[in-house]
Every structure is written in structure tokens, then in C-alpha cells.
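Report on the structure given below.
By convention in this document, chain letters (A, B, ...) are assigned in the order of the sequence lines, proteins followed by strands, and residues within each chain are numbered from 1.
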Number of protein chains: 4
Amino acid sequence: MERTKRPVQTSVKDKQLIEKRRGEMIRGSVQLFKQKGFHRTTTREIAKAAGFSIGTLYEYIRTKEDVLYLVCDSIYDQVKKRLEQIDLEQGTLESLKLGISYYFHVIDEMQDEVLVMYQEAKSLSKDALPYVLQKEVEMTGMFETLIQRCVDRGVIEMSEAYVHLLAQNIFVQGQMWGFRRWMLQKSFTLEEYIFLQTDLLLEGIKGYQKNSALN
Amino acid sequence: MERTKRPVQTSVKDKQLIEKRRGEMIRGSVQLFKQKGFHRTTTREIAKAAGFSIGTLYEYIRTKEDVLYLVCDSIYDQVKKRLEQIDLEQGTLESLKLGISYYFHVIDEMQDEVLVMYQEAKSLSKDALPYVLQKEVEMTGMFETLIQRCVDRGVIEMSEAYVHLLAQNIFVQGQMWGFRRWMLQKSFTLEEYIFLQTDLLLEGIKGYQKNSALN
Amino acid sequence: MERTKRPVQTSVKDKQLIEKRRGEMIRGSVQLFKQKGFHRTTTREIAKAAGFSIGTLYEYIRTKEDVLYLVCDSIYDQVKKRLEQIDLEQGTLESLKLGISYYFHVIDEMQDEVLVMYQEAKSLSKDALPYVLQKEVEMTGMFETLIQRCVDRGVIEMSEAYVHLLAQNIFVQGQMWGFRRWMLQKSFTLEEYIFLQTDLLLEGIKGYQKNSALN
Amino acid sequence: MERTKRPVQTSVKDKQLIEKRRGEMIRGSVQLFKQKGFHRTTTREIAKAAGFSIGTLYEYIRTKEDVLYLVCDSIYDQVKKRLEQIDLEQGTLESLKLGISYYFHVIDEMQDEVLVMYQEAKSLSKDALPYVLQKEVEMTGMFETLIQRCVDRGVIEMSEAYVHLLAQNIFVQGQMWGFRRWMLQKSFTLEEYIFLQTDLLLEGIKGYQKNSALN
DNA sequence: GATGAATGAGGCTTCATTCAT
DNA sequence: GATGAATGAAGCCTCATTCAT
């Protein structure tokens with residue numbers, strides 16, 4: 001599952017060094033991409049922000065696009081790693097609520113990164129895109145599991161299609177907080193947003209459940 | 001309200017000609033932006049796709065970014081114009097459902113355009129961005145009105161904050177259909193998607209309403 | 001026969017202008033290549049020597065290698081055009097001598113160009129090389145005809161293989177005068193060189209002829 | 001005579017090691033230069049082909065051009081060493097024929113090396129070029145001796161100028177076999193080529209000799 | 001002596017924009 | 001109004017060379 005890494009060519013051999021340098025590179029790039037977007041950022045700026053020369057930059061990547069891939073991949077990884085803290089298996093409404101709340105907090109904390117990822121990922125080549133989309137599938141899969149366990153334990157009753165769609169809705173509503181901040185964050189605090197969205201989500205679930213109980 | 005047009009400088013005087021040429025330009029550009037994105041599309045390609053020379057292109061715009069603005073603006077206008085078909089004022093659940101359904105259909109038909117708009121609008125300069133964001137505000141405003149009328153007529157009971165959030169949710173779920181098509185359109189037909197989302201939305205509303213009725 | 005031109009992409013449409021600009025380009029490039037070789041010459045230098053900007057240069061070619069191809073092709077053409085002055089059909093020893101002498105004079109006059117051609121042609125891509133080699137085939141073909149006519153008219157008697165080889169020898173001895181000038185031109189004047197080489201060549205022919213007459 | 005070596009700076013002291021490493025370097029480089037030419041070959045590739053690191057490469061040379069010099073020098077040496085097998089002093093037509101034949105065989109066996117040498121030597125700096133040209137002088141000198149001895153012994157009669165030119169012709173006809181292989185080796189086997197060229201050469205000589213005998 | 005990571009000058013090419021016709 | 005040739009700043013990337021380990 002975690003095997004999905006697209007290799008990025010290096011001429012440096014020391015694995016640890018690669019990890020370190022790429023970390024520096026990614027950190028710098030996120031800041032730049034946030035400010036000016038991928039296309040308006042030059043490789044020279046990336047190198048400078050990373051703290052090394054243009055030559056060194058190219059020891060660790062092959063093309064500028066590799067940087068974008070590395071950045072997106074890294075952000076996905078960070079988000080995913082944090083989401084792995086969620087206890088997906090408990091199968092209670094409480095754990096579902098907690099999971100959603102935790103996810104929204106993560107998005108809030110990583111707002112800049114998430115924004116970059118969603119605005120720039122589409123610039124990835126046909127070659128690299130599948131790798132990051134795969135990560136999205138995995139993440140929405142987590143929400144599906146989270147909900148499905150509630151179904152499994154009889155806490156809620158819901159068809160697979162609804163579970164799938166709900167997971168997507170949760171996922172997108174998280175992102176929404178990040179990329180529509182200019183609109184949402186004027187109206188709501190994070191906690192308000194979480195409270196309201198969770199409420200709507202769960203009422204939707206409960207309503208659905210009641211209806212189907214009638215049949 | 002409709003006054004929100006940012007003027008784009010021209011050296012041509014004939015208003016009708018301007019309209020015609022810009023139409024050709026926008027049509028061609030949408031295709032190109034869809035395929036390669038704004039940054040990877042050259043002004044030469046735009047001119048060619050529009051059917052005139054690079055020199056002529058620059059008679060109708062001042063910078064490449066003007067094209068992007070014109071494209072985004074035009075798409076927003078088309079979407080908005082179509083949404084204006086919706087009867088916002090009726091204030092029945094049925095009209096709310098119809099409105100949502102109609103919106104989702106519009107998005108589905110204009111998928112490519114919507115995609116372009118959302119992927120490229122962020123490349124607009126600080127100068128032009130407000131003009132298109134304003135359009136978004138207006139559109140979500142329409143959904144707010146649509147819901148609010150139901151509240152006004154007593155069909156549903158809901159605080160302003162919820163109305164605001166619901167409007168945003170509807171708006172984003174529409175877009176979702178377009179920009180997450182690679183995931184959603186594998187699992188659902190448009191009608192299924194509309195049915196399920198509407199159901200969840202309205203159950204959320206009803207659940208909410210019931211709860212607050214208890215207070 | 002003369003159809004063997006590899007097209008070089010242009011974004012300029014005016015055929016005459018292309019011809020003119022490419023002429024300027026080639027003239028400047030020959031000077032540069034002569035001095036520093038193709039690889040050590042920069043595109044900026046080429047543009048400057050041609051008398052226009054780097055941008056303009058790239059309106060008339062697609063890659064730096066195109067310049068090399070154009071240069072080689074042009075030189076071959078010039079040499080060939082001059083060789084076409086030779087009366088190939090007469091079939092007398094005198095005309096053979098005249099032809100050789102004329103060829104050596106052409107080489108002498110175009111020494112720099114010929115040098116460039118022979119030193120740099122090998123840098124042409126697999127794509128372009130055949131086009132210039134074809135020209136060589138055509139040129140040696142001319143010498144073959146020149147000799148063959150003498151055979152046809154009974155002036156000399158010689159098998160095809162010898163005719164072929166002789167043509168090659170003449171061709172290479174011409175080039176020799178250009179690319180071994182550091183050695184030859186210290187020992188001989190052009191006229192001396194022509195006289196001696198022609199003498200050796202014809203004696204070889206006569207000797208050959210006599211021998212075979214004995215059989 | 002053999003003193004003509006241009007020193008190439010080293011930071012390594014051990015003479016034997018230098019010899020060994022340079023051997024590895026030259027062997028690898030010939031392959032690379034043959035395939036891609038000197039300019040398109042990188043120092044990294046050279047180091048890799050030689051079997052050591054880029055750092056080590058630079059312990060044995062000072063600049064990339066040193067490699068080219070070393071390669072050319074080495075090839076010339078090999079060719080010359082083999083030519084030294086020829087008995088120059090015998091002064092018979094038979095020995096002349098044998099010498100020519102032997103030389104052509106050497107060229108044939110070392111085709112790749114010879115090609116590299118002739119195509120890349122021109123990239124040597126003004127500094128290094130004389131050293132390799134000197135080698136050429138020495139080699140043509142060998143052919144001069146070979147012929148001159150025949151003159152000395154009265155086997156043939158010929159002025160110095162002719163001897164000089166003949167030597168050059170032989171030398172160039174050898175090279176011709178290598179660098180015009182695309183044309184010659186389609187028409188002739190090596191033995192045919194040797195036979196025909198020798199024949200033409202000797203008939204030229206005999207013809208010349210007869211003529212002058214008449215005077 | 002050997003290694004290979006780091007450097008940055010400099011090369012090739014693109015492309016938004018202008019302007020003479 | 002339309003055209004398209006001209007411009008050159010600026011971008012991406014390579015690679016010979018150095019130097020700390």
C-alpha cells in the first residue's frame with residue numbers, strides 16, 4: 001500500500017543525504033509555491049530557498065517537475081501520516097466525530113501545504129499524477145473505513161454507495177476549509193466549522209437511517 | 001451587482017468586433033487551457049486557435065493574463081446566466097431540490113469550462129482575482145437565497161450560519177462533480193449523484209430542524 | 001536528384017526572407033566554425049555574426065544543429081554547383097585533366113568552407129547525416145562519369161572497379177589539399193600539386209591500360 | 001625523435017599507477033568518443049568507463065582536453081609502433097608493396113581508433129596539436145623513406161617532390177579506408193582495395209619513370 | 001590515493017510583447 | 001484593423017572542475 005513511490009533520479013548515492021537535501025528542498029519550495037505558484041517559481045529560487053546552489057539542486061532531481069512531485073508527494077505523506085493516528089476500527093459515532101474533527105484540524109494546520117497541493121498537483125505530468133491521486137484514494141478510503149465500521153457494528157445503517165459518497169464529502173469539506181478560506185474563514189472559526197459540518201453530516205446520516213428503517 | 005467587469009484595454013474601437021473576436025479567443029482558449037493549462041499555452045497558440053494572427057490578438061488584449069481573465073469571466077457568466085433560470089423565490093423543498101438538480105446538471109454540461117476556471121483562476125493577478133471571486137460570492141448567494149426562502153416560508157427552520165454553510169456545501173459539491181470526476185464518475189451516474197447528495201442534504205436539514213424543534 | 005533537402009522548421013513564412021536570413025546565418029557561421037568549431041560556437045555568437053538577435057535566429061531554425069546542417073548543406077551545394085561547370089561528357093583525356101584541375105581550384109578557393117564541412121559534418125545527427133553524405137555520393141559520381149566517358153569513347157580502357165576507385169581518389173586528393181594544407185602547402189603550390197597529382201593519376205591509368213592491353 | 005611527449009600534469013606520484021590508470025582511461029574514452037564524439041562525452045562518463053570516480057580521474061589529468069590528447073597520442077603511438085615493423089630500408093618494389101599492404105591492414109584493424117583520432121584531433125588546443133601533427137609527419141616520413149630507398153637503389157627513378165607526394169597519397173589512402181568506409185567498404189574488400197590501390201600507385205610510378213627515362 | 005558531493009558559469013531555447021508595413 | 005517578423009529577457013539544465021573527507 002505504501003509502496004507507491006515514483007522514483008526520482010538522483011546522481012547522489014548517499015540515501016541519508018538525499019533525504020536531508022530533499023527535505024530542505026521541499027520546505028523551501030512549499031513557501032515559494034504558496035506565494036507565486038509552481039510556474040512562476042524558478043529553479044534558481046528553489047535552489048536558493050533550499051539553501052544550496054542550482055547545481056546541487058540538480059544533483060537531487062532531474063527536472064523542475066520532479067520538485068513539484070516531491071512536494072506534492074511529501075505533503076500527501078504528511079497528511080496521511082497524521083490521519084493514521086485516527087482509530088478507524090472502533091465503529092462508534094463518537095470515534096467518527098473525533099476522526100472528522102481531527103482531520104479538519106490537520107487541514108487547518110497544514111493549510112498552506114494543502115493549498116499548494118491542490119493548486120499545483122494538476123501541473124504534474126501524466127507520468128506523476130497517478131502517484132498522488134493514489135494517495136487521495138487511500139485517504140478517502142480511510143474515511144470509508146471509519147464510516148463502514150459504524151455500519152458493521154450496527155451503529156448506523158447505510159448502503160455502500162452512501163458510505164462512499166459520505167467519505168468523499170468529508171474529504172472535500174476538509175479541503176474546502178483550506179481552499180475556500182477567503183470565504184469560510186470570514187464566517188466561521190475552525191471549531192464552529194467542525195461543529196456545524198459534523199452536525200449536518202450526522203443528521204444526514206441519522207435521517208437516512210430513519211427513512212430506511214421505515215421501509 | 002452586474003457592474004463587476006474589469007475593463008480590458010483594446011486598441012480596437014468597434015465594440016461589436018471586439019465582442020466577436022473575444023468570443024473566438026475565449027472559445028479557442030478554453031480548449032487549450034483544458035489540455036495544457038494556462039501557463040503551458042502560448043499566446044501564439046491562442047491566436048491560432050482563435051483564428052487570427054498574434055498581432056491581431058494583441059489588438060484585443062494587453063497581456064496574456066487578460067485572456068485568462070476573459071476566459072474565467074466568460075465561464076462564470078455562462079454558469080451564472082444559466083443559474084438565473086432557477087426560481088429562487090418559491091421557498092418550497094421541491095424548488096430547492098430542483099435548484100440543486102439544475103445546478104448539478106449545469107456543472108455536468110460545462111465540466112471542461114468549470115475545470116479550467118477552478119484550475120487556472122488562481123493564476124490571475126491580485127488585480128483580477130477579486131472580480132471572479134465576486135462571481136462566486138454571487139453564486140453561493142443564490143443558493144443562500146434559495147434556502148433562505150424556505151426558511152422564510154417556514155418550510156424549514158435553520159439559523160443563518162447553517163444556511164450559509166449549506167449554500168457553500170451545495171456549491172462545492174457541484175464543483176466536486178467536475179473536478180473529482182476521475183473518482184466520482186466511476187462510482188455514480190449524474191442522476192445517482194444528484195439523488196444521493198440531495199438526499200443527504202435534505203436529511204441533514206430535516207434532522208437539524210427536528211432537533212431544534214425540540215428546544 | 002536535387003530533391004534531397006531535409007526540411008528545417010521555420011516559423012517565418014516569407015520564403016524569400018528565409019533564404020536571405022539563412023544566407024546571413026550561414027555566412028556568419030562558417031567564419032565562426034572555422035575559428036572555433038561548431039561545439040565551441042554559441043548560438044548567441046551565431047546570431048550576432050548573422051547580424052540579428054538570438055530570438056530572430058530561432059525564427060529560422062529549431063535547434064543549433066540545424067545551423068550546422070544548413071551550413072554543411074550550403075557548402076556542398078556551392079561546391080557541387082561549381083563542379084557542374086565541368087563538361088563531363090566529352091570523354092577526352094584533356095577534359096579529364098581540365099575537370100580535375102578545375103575541382104582542385106574550387107577546393108583551393110573554398111578551403112575554409114571545405115575544412116568546416118569535413119571537420120564538423122560528423123557532428124550532424126543520424127537524422128541529417130544521410131542528406132550530406134548523399135551529396136558526396138553525387139560528387140564522386142561526377143568524377144566517375146568524367147572517367148567513364150573516356151572509357152566509353154575508348155580513350156582509356158578500365159574496369160568499373162578502377163573507375164570507381166579512381167573517382168574516389170580524385171575526390172579525396174582534392175580534400176587533402178584543403179585539410180592537410182599545413183603539410184602540403186608548405187611543399188607545393190596549387191599548380192604544382194595539380195600537375196603532380198594529375199601526372200600520377202594519368203600514368204596510373206595509362207600503365208593500367210597498357211597492362212590490360214597485353215592480356 | 002620519440003621525445004615528442006607533451007607532459008600531462010598529475011597529482012599522483014607513482015609512475016606505474018599513472019600508466020595503469022591512463023590505460024584504463026584511454027581504453028574507455030576511445031569507445032565513448034567513437035560513439036558520441038569528444039564534445040558530447042562528459043568527464044563523468046569517462047571516469048565511469050575507466051572504472052573509477054570523477055575525483056580520481058582528475059588526479060591523473062588536469063582538464064578534459066588532456067584526455068583527448070592522451071587518447072590521440074596513444075593511438076598515434078600504437079599505429080606508429082605497428083608501422084615500425086615495416087622494413088623501410090630494403091628498397092625493393094616488393095618491400096614497398098608489402099609496406100603499403102601492411103599499413104592498410106593496420107588501419108583496417110584500428111579503424112575505430114583511427115576514426116576517433118581524425119575526427120577529434122582538431123579539437124585539441126593550439127597547445128597540444130603540434131605534438132600529434134608531429135606524429136603524422138613522422139609517419140608519412142616512413143613512407144617517404146620506404147619509397148626513397150627504392151629510388152636510392154635505382155629500382156625506381158623519381159624526383160623528391162614526387163616521393164613526398166606519393167608518401168602523402170599512400171598515407172591518405174590508408175585513412176580513406178577508415179573514414180570513408182561507408183562508401184568504400186560497400187564496393188571493395190580490404191584485399192581488393194589494397195590490390196587496386198597498389199596497382200594504381202605502382203603503375204603511376206612506373207609510368208612516371210618511363211616518361212622521365214625518355215628525357 | 002580515492003571518493004563523490006558541491007559549485008556556478010554558461011549553454012540552448014522559449015515566448016510575451018512590439019512595431020513597421 | 002491585420003499581419004507576422006523581430007526582439008531579448010529569462011528560464012531550464014549541464015557539466016567541468018574543486019575540495020573536504
Practice prompt. Can you tell me the distance, in whole Å, between the NZ atom of D:K20 and the P atom of E:dG1?
Written response: 12 Å
Worksheet item: Rounded to the nearest Å, what distance is computed from the CZ atom of residue B:F52 to the C1' atom of nucleotide F:dT3?
Response: 13 Å
Worksheet item: Tell me: CG of C:L57 to C1' of F:dG8, nearest whole Å?
Response: 13 Å
Worksheet entry | Value in whole Å for how far the C1' atom of F:dG1 lies from CD1 of B:I18 | 12 Å
Item to complete: Hunt down any stem DNA chain F takes part in, defined as 3 or more consecutive Watson-Crick or G-U pairs whose two distances are each under 3.5 Å.
Response: E:2-21 with F:2-21
Practice prompt. May I have the distance from C:K64 (atom NZ) to E:dG10 (atom P), rounded to whole angstrom?
Written response: 15 Å
Item to complete: Please list, chain by chain and in numerical order, all residues satisfying side-chain contact (heavy atoms from CB on, under 4.5 Å) with A:L57, sequence neighbours excluded.
Response: A:M25, A:T43, A:I46, A:A47, A:F52, A:I54, A:I61
Item to complete: Using whole Å, report how far NZ of A:K13 lies from P of E:dA6.
Response: 14 Å
Worksheet item: Base, sugar-phosphate, or nothing: which does B:S11 touch, judged by heavy atoms less than 4.0 Å apart?
Response: nothing
Practice prompt. Only counting residues at least two apart or in another chain, list the ones meeting salt bridge (charged side-chain N to carboxylate O under 4.0 Å, His left out) with A:K20.
Written response: none
Item to complete: Could you check which residues of residues 21-48 of chain A get a heavy atom under 4.0 Å from DNA chain E? Sort them by number, please.
Response: A:R21, A:R44
Worksheet, complete the sentence: Applying salt bridge (charged side-chain N to carboxylate O under 4.0 Å, His left out) to C:R21 and not counting sequence neighbours gives C:E24
Practice prompt. Using atom types as modelled and distance alone, determine if a side-chain donor or acceptor of C:K64 lies under 3.5 Å from a backbone N or O of C:T41.
Written response: yes
Can you give me the N/O atom pairs linking the protein to nucleotides 18-21 of chain E at distances under 3.5 Å, or say none if there are none?
none

Worksheet item: Pairs in or reaching into residues 29-39 of chain B: which pass salt bridge (Lys or Arg N to Asp or Glu O under 4.0 Å), with residues at least two apart or in two chains?
Response: B:K34-B:D112, B:K36-B:E45
Worksheet item: Among all residues two or more places apart in sequence or in another chain, which pass the side chain to side chain donor-acceptor pair (under 3.5 Å) test with C:S74?
Response: C:Q78
Worksheet entry | For atom OH of C:Y60 and atom P of E:dT14, their distance in whole Å | 16 Å
Item to complete: Any pair with a residue in residues 48-62 of chain A that passes side chain to side chain donor-acceptor pair (under 3.5 Å), sequence neighbours left out, goes on the list, sorted by first then second residue, please.
Response: A:S11-A:E59, A:S53-A:T56, A:E59-D:R44
Discussion item. I need the full list of salt bridge (Lys or Arg N to Asp or Glu O under 4.0 Å) pairs touching residues 121-133 of chain D, with sequence neighbours left out, sorted by first then second residue.
Written reply: D:R6-D:D127
Worksheet item: For C:T63, what residues pass the side chain to side chain donor-acceptor pair (under 3.5 Å) criterion, not counting sequence neighbours?
Response: none
Discussion item. Suppose we screen for side chain to side chain donor-acceptor pair (under 3.5 Å). Which residues come up paired with B:Y118, at least two apart in sequence or across chains?
Written reply: B:E136, B:Q175
